[in-house]
Amino acid sequence: MTDGFIRWYRESAATSVLTEQAGIFAEYGIHLAHPATGRAIALDVEGEQVPMGQEELTLLLSRRIASVTTQWWFSADTDVTDAFEYEPLGCEIQTLWLDGLTADEARRVEEAVTAAATRLPVPTRAVVVDRHGVADPEDWNASLLYDGDEVPRFPDVVLAQDHIARTLTARTPGLLGEPAGAGLHRVTRKG
């Protein structure tokens, strides 16, 4: 098991949607700029904080040449670590880690990602909400990116495009899919 996480698969676009995402996240009290410094924070390979302007971070992410890890802030002392990565098929993946958050903060992260997934102009392939880390985030790549046959141990919720939701419910007994808006279906365990 890993820590709880939310893994968001988006179709890549020619331009970054970080600014729009930051606006949506702010509605839930989650901010890209650190409250004390007013600067966005990226983490280097050793986990050290590297302050930068939001425009600089947006430019770095829009190049799509390497994975980038950032922090989103509830307060000066409470953050959500967010890893951006890119797959060869043109998919952008964000993994937001829920460890160290209160239940309310984790719920707000989930609501913010769900809102962004349904409101941003870049189509969402899927959002995996695994509050307790029953699977590794990367375990979902085969099913959600490459139409793999095996579905990992099922998490709390998966929001997915219609064809992906149908595949998940067909391959895993006991799942229920229902429309969630913006062409996505919410897949959960029955009952």
Side-chain angles (χ1 to χ4, degrees), residues 2-102 104-131 133 136-138 140-141 144-145 159 182 184:
T2 65
D3 290 321
F5 64 89
I6 298 174
R7 191 158 172 95
W8 181 12
Y9 295 82
R10 286 194 307 272
E11 308 293 346
S12 284
T15 58
S16 173
V17 293
L18 183 64
T19 300
E20 294 88 343
Q21 180 183 345
I24 293 169
F25 275 32
E27 295 171 18
Y28 296 87
I30 306 165
H31 303 279
L32 188 57
H34 188 280
T37 66
R39 308 216 358 122
I41 303 289
L43 299 177
D44 67 18
V45 295
E46 295 177 358
E48 297 296 320
Q49 295 180 331
V50 179
M52 62 180 61
Q54 183 173 326
E55 300 80 22
E56 186 179 5
L57 180 58
T58 299
L59 178 62
L60 184 62
L61 290 170
S62 69
R63 302 258 166 117
R64 290 167 170 66
I65 54 175
S67 297
V68 176
T69 302
T70 64
Q71 291 174 299
W72 295 88
W73 300 92
F74 282 102
S75 69
D77 299 320
T78 306
D79 69 275
V80 178
T81 300
D82 185 0
F84 289 79
E85 59 188 89
Y86 304 96
E87 289 293 318
L89 293 178
C91 190
E92 180 177 52
I93 303 169
Q94 277 184 259
T95 305
L96 296 99
W97 294 97
L98 304 177
D99 56 307
L101 299 180
T102 65
D104 177 63
E105 291 163 343
R107 177 192 53 77
R108 287 166 47 199
V109 173
E110 181 178 341
E111 289 175 355
V113 171
T114 300
T118 58
R119 291 169 43 192
L120 287 174
V122 177
T124 292
R125 290 178 66 85
V127 175
V128 176
V129 178
D130 190 341
R131 296 180 195 111
D136 285 326
E138 294 81 15
W140 283 95
N141 289 358
L144 300 178
L145 295 176
L159 291 175
L184 299 174

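Only heavy atoms go into these numbers, but all of them, side chains included; no hydrogens, no water, no symmetry mates. Along the sequence shown, residues carry numbers from 1.
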J.: Does Glu138 offer a backbone N or O that forms a donor-acceptor pair with the side chain of Asp136 under 3.5 Å?
T.: no
J.: Under a 3.5 Å distance rule, please check whether Thr114 uses its side chain to pair with a backbone N or O of Glu111 as donor and acceptor.
T.: no
J.: Could you report the tightest heavy-atom contact between Ile24 and Ala115, atom names first, then the distance?
T.: CG2-CB, 3.9 Å
J.: Passes side-chain contact (heavy atoms from CB on, under 4.5 Å), Thr81 versus Asp99? Steps please.
T.: CA-CA 9 Å; Thr81 300; Asp99 56 307; over 6 Å; no
J.: May I ask you to test the Val113-Val129 pair for a side-chain heavy-atom distance under 4.5 Å?
T.: no
J.: Determine whether a donor-acceptor pair (N or O, by modelled atom type, separation under 3.5 Å) exists between the side chain of Arg63 and the backbone of Leu61.
T.: no
J.: How many angstroms lie between CZ in Arg64 and OH in Tyr86, if you round to the nearest 0.5 Å?
T.: 5.0 Å
J.: Once rounded to the nearest 0.5 Å, what's the spacing between atom CD1 of Ile6 and atom CG of Leu98?
T.: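 Here the interatomic distance stands at 4.5 Å.
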J.: At their closest point, which heavy atom of Met52 faces which heavy atom of Ala42, and how far apart are they?
T.: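 In this case the closest contact between Met52 and Ala42 is CE-CB, 3.8 Å.
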J.: Sub-3.5 Å donor-acceptor pair from the side chain of Arg108 to the main-chain atoms of Ile30, do we have one?
T.: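 The answer is no, because no donor-acceptor pair under 3.5 Å joins these two groups.
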J.: Just verifying a value: how many Å separate Asp3 CG and Phe5 CZ, rounded to the nearest 0.5 Å?
T.: 10.0 Å
J.: When rounded to the nearest 0.5 angstrom, what distance separates CG in Leu145 from OH in Tyr9?
T.: 5.5 Å
J.: Does Gln49 reach the side chain of Leu43, with side-chain heavy atoms less than 4.5 Å apart?
T.: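 A side-chain contact under 4.5 Å exists here.
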J.: Would Trp97 and Thr69 count as a side-chain contact (heavy atoms from CB on, under 4.5 Å) here? Give the steps.
T.: CA-CA 11 Å; Trp97 294 97; Thr69 302; over 6 Å; no
J.: Answer yes when Arg131 and Glu110 have at least one side-chain N-carboxylate O distance shorter than 4.0 Å, and no when they do not.
T.: yes
J.: Just jot down the side-chain contact (heavy atoms from CB on, under 4.5 Å) partners of Ala182, sequence neighbours excluded, or say none.
T.: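 In terms of side-chain contact (heavy atoms from CB on, under 4.5 Å), with neighbours along the sequence ignored, Ala182 is linked to Thr118.
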J.: Contact between Pro137 and Val128 at the side-chain level, heavy atoms closer than 4.5 Å - yes or no?
T.: no
J.: Just how far is it from atom CD of Glu11 to atom CD of Glu92, taken to the nearest 0.5 Å?
T.: 10.5 Å
J.: Quick check for you: to the nearest 0.5 Å, what is the distance between Gln94 atom CD and Leu18 atom CG?
T.: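 Rounded to the nearest 0.5 Å, the CD-CG separation comes to 8.0 Å.
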J.: Quick check: closest heavy atoms across Leu184 and Arg125, and the distance to 0.1 Å?
T.: CD2-O, 4.5 Å
J.: Flag the pair Glu27 and Arg119 as a salt bridge only when some basic side-chain nitrogen lies within less than 4.0 angstrom of an acidic carboxylate oxygen.
T.: yes
J.: On a heavy-atom basis, which atom in Leu101 and which in Asp79 lie closest, and how many Å separate them?
T.: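 Closest pair (atom of Leu101, atom of Asp79, distance): CD2-O, 3.7 Å.
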J.: Cut-off 3.5 Å, no hydrogens considered: what does the side-chain donor-acceptor table look like for residues 32-40, sequence neighbours left out?
T.:
unit_1: His34; atom_1: ND1; unit_2: Ala36; atom_2: N; d: 3.0
unit_1: His34; atom_1: NE2; unit_2: Ala76; atom_2: O; d: 3.3
unit_1: Thr37; atom_1: OG1; unit_2: Arg39; atom_2: N; d: 3.2

J.: Between the side chain of Tyr28 and the main-chain N/O of Arg107, is any donor-acceptor distance below 3.5 Å?
T.: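 Judged by distance alone, no pair lies under 3.5 Å.
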J.: Compare all side-chain heavy atoms of Leu159 with those of Thr124 and state whether any distance is below 4.5 angstrom.
T.: no
J.: Under the ring pair (Phe, Tyr, Trp, His ring centres under 6.0 Å) rule, collect the residues that match up with Phe25, sequence neighbours excluded.
T.: Trp72
